[in-house]
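If you're wondering where the values come from, they're calculated on a predicted model, not measured in any experiment. Order of appearance sets the numbers: ligands from 1, and atoms from 1 within every ligand.
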Amino acid sequence: MLGQVGSGLAQLVVPALVGQSSTGSFWLPPPDSVASGAVDHAFHFVMYVSYFFFALIFGLIVLFVVKYRRRPGAEAVKTAKSSLALEATWSLIPLALTIVMFYLGFVGYVELRSPPERAYEISVLARKWSWQFTYPDGTIDNNLHVPVGEPVRLVMTSDDVIHSLSIPAFRVKMDVVPGRYTRTWFQGKELGTYDLYCTEYCGTGHSDMLASVVVHEADDFRAWLKAAGDVLGNNPPAKAGEILFRRHGCGSCHSTDGTPRVGPSLQGIVGQTHAMADGSSAAVDENYIRQSILEPGTKIRQGFRNQMPTYKGRLNDQEITAIIQYIKSLN
Ligand code: CUA
């Protein structure tokens, strides 16, 4: 444990001393986006200044407690006088430090708020509890795929409540609000897969509201986009259904292995008869699944709440048929 902290501190101090930190540190993941450096500089500066004053202030407290403690025979004497030099010192030094902090923060903020003119634009839709990324050609995926070395702008909105998109490795975090669009941008520097989180508590499934950011080589990205574009044409129905199920984030609420989550598991449900919350019962067939996708409020399983958003207008009939095929294949 101590060794971990030690190597963490070394990782932290050494890059700061040599002025770069490409491997990440004890506190921060690798800064793999172009604007990450500015955030890290501000963070490290504030942290080292805090370390210094923490040590100085607590050191003096301990020193004074020992040195000026009450002892038998010692008399209390008041010798304090005002000192302009001392007061100016402890006012001007913090002033200078906070100006530097403001400057570092402001530079980073401006960089994070101003995407370059020619950025690749991806629409983001957040809903309870999944992410949906729509590419310029209409392809939809629940993970964010981007080309390396190209600025990417996200234009984001929410279907229900306030969510927040955060990609720690890119030092990007922005609220996603219903009824308006917010924007953020980044430019991946390294190939790889990164975590994307929702960082605004948005209900039961908040902690499942995860996605990956996959940074591809430019050519691989175009190839991925081409293959991902025509799911129904490129796959047999059950497989296409599985891809659509994943893309639309169905899996964050419905497991396929029998475990109940926010919603019931879909394993083996076709052909079963389920008790409903209103006391009735219903047999699960194609029409039941279709109705549950388009009008999720009409039949609520016993033990679950009416939480699912409708997919009317988001999935067409062919796609719904493919998803039904996939759910049947789970039997
Ligand atoms: Cu969406 Cu938390």
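- In this structure, Met276 and His274 have side chains that are in contact, with non-hydrogen atoms separated by less than 4.5 Å.
- Closest to atom 1 (Cu) of ligand 1 among the N, O or S atoms of His163 is ND1.
- Expressed to the nearest 10°, the angle at atom 2 (Cu) of ligand 1 joining ND1 in His206 with O in Glu200 is 90°.
- Remark: side-chain polar atoms of Arg118 are not paired, donor with acceptor, to backbone N or O of Pro151 under 3.5 angstrom.
- Atom 1 (Cu) of ligand 1 has no N, O or S atom of Ser164 under 2.8 Å away, backbone or side chain.
- Annotation: cation-pi geometry satisfied between Arg127 and Tyr311 (NZ/CZ under 6.0 angstrom from ring centroid, within 45° of ring axis).
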- Residues Phe45, Tyr103; criterion ring pair (Phe, Tyr, Trp, His ring centres under 6.0 Å); working and verdict: CA-CA 11 Å; Phe45 183 76; Tyr103 174 77; over 10 Å; no

